[in-house]
Amino acid sequence: MTKPDKVLYTAKVHTTGGREGASRSSDGRLDIKLSPFGSTAGGTNPEQLFAAGWSACFEVTLGLAAEKMKVVLPADTAIDAEVDLCLSDGAYFLQSRLDVRLPGLERDVAQALVDAAHQTCLYSKATRGNIDVVINLV
């Protein structure tokens, strides 16, 4: 495992009540109610939060890859992230899909950007070899 030269940021979140509780960040910028998937109660669930974080990070990483390749990232770049909570033989696990939209770019250029982003995105690195991930250029 890589040892950091420097820690750039630490997210601190206090959660109580599990999937039916609440989470609040130490700076107060995140203050959300949690609810189980499929619930009609207000709130979100950890899988939605994970999908939001991954897609946001992936889009930033696409931008960095575009800069390196001297390509202008389309203004309407978008990523639809799906994170599945699965059950098999009594064990829970995740799987994920990212649908990446880079309208106006030639397909080979867009695919090169997606491939580069998937190699460097922090969430992609964290999940690599741990969960099934499919990344689609749509």
Side-chain angles (χ1 to χ4, degrees):
M1 194 173 302
T2 305
K3 299 287 184 193
D5 293 330
K6 180 179 181 180
V7 174
L8 300 176
Y9 174 74
T10 300
K12 296 179 183 179
V13 175
H14 180 77
T15 300
T16 58
R19 287 183 175 266
E20 296 181 29
S23 293
R24 181 175 169 81
S25 62
S26 59
D27 63 5
R29 296 174 107 187
L30 176 73
D31 189 358
I32 58 169
K33 180 174 175 15
L34 300 172
S35 62
F37 63 90
S39 171
T40 58
T44 188
N45 61 61
E47 293 74 29
Q48 290 171 327
L49 294 169
F50 187 73
W54 194 350
S55 57
C57 184
F58 200 90
E59 188 166 338
V60 168
T61 310
L62 277 171
L64 295 173
E67 284 179 26
K68 281 187 178 180
M69 293 175 61
K70 309 237 186 289
V71 173
V72 176
L73 205 60
D76 49 353
T77 295
I79 299 164
D80 294 317
E82 297 179 350
V83 175
D84 300 324
L85 175 60
C86 305
L87 180 64
S88 182
D89 294 327
Y92 294 99
F93 63 96
L94 299 175
Q95 63 184 24
S96 180
R97 288 163 307 288
L98 299 179
D99 289 340
V100 182
R101 288 176 175 73
L102 295 167
L105 290 182
E106 292 184 28
R107 185 151 187 92
D108 61 331
V109 172
Q111 189 63 58
L113 289 172
V114 168
D115 293 344
H118 188 47
Q119 289 304 308
T120 57
C121 172
L122 303 177
Y123 284 77
S124 293
K125 286 181 175 184
T127 58
R128 188 169 292 119
N130 295 311
I131 69 170
D132 286 334
V133 175
V134 175
I135 300 190
N136 301 304
L137 179 58
V138 295

task = Taking side chain to side chain contact (heavy atoms under 4.5 Å, CB included) as the test, write out the residues that go with S39, two or more places apart.
result = S35, P36, A41
ask   = Which residue pairs satisfy the side-chain hydrogen bond (donor to acceptor under 3.5 Å, both in side chains) criterion with at least one member in residues 83-100, sequence neighbours excluded?
value = E82-R97, D84-Q95, D84-R97, D99-N136
ask   = Of all residues at least two apart in sequence or in a different chain, which pass the side chain to side chain donor-acceptor pair (under 3.5 Å) check with T15?
value = S23
ask   = Which pairs with one or both residues in residues 45-73 pass salt bridge (charged side-chain N to carboxylate O under 4.0 Å, His left out), sequence neighbours excluded?
value = R19-E47
key: Those residues that, when tested against S26, pass side chain to side chain donor-acceptor pair (under 3.5 Å) (two or more places apart)   = none
query = Which is it for N45 and L34 under the side chain to side chain contact (heavy atoms under 4.5 Å, CB included) test, yes or no, and what are the steps along the way?
reply = CA-CA 6 Å; N45 61 61; L34 300 172; over 6 Å; no
remark   = With sequence neighbours left out, the residues meeting side chain to side chain donor-acceptor pair (under 3.5 Å) with D27 are S25
note = side chain to side chain donor-acceptor pair (under 3.5 Å) filter on S124, not counting sequence neighbours, yields W54, H118
task = Apply side chain to side chain contact (heavy atoms under 4.5 Å, CB included) to A116 and list each qualifying residue two or more places apart in sequence or on a separate chain.
result = A65
query = Which residue pairs pass the salt bridge (charged side-chain N to carboxylate O under 4.0 Å, His left out) test with at least one member in residues 5-17, sequence neighbours excluded?
reply = none
request  = May I have all residue pairs that pass salt bridge (charged side-chain N to carboxylate O under 4.0 Å, His left out) and include part of residues 129-138, sequence neighbours excluded?
outcome  = none
inquiry  = Under the salt bridge (charged side-chain N to carboxylate O under 4.0 Å, His left out) definition, can you give me all pairs with a residue in residues 101-117, not counting sequence neighbours?
reply    = D80-R101
ask   = Residues sharing V134's hydrophobic cluster, by side-chain heavy-atom contacts under 4.5 Å among ILVMFWY, directly or via others?
value = none
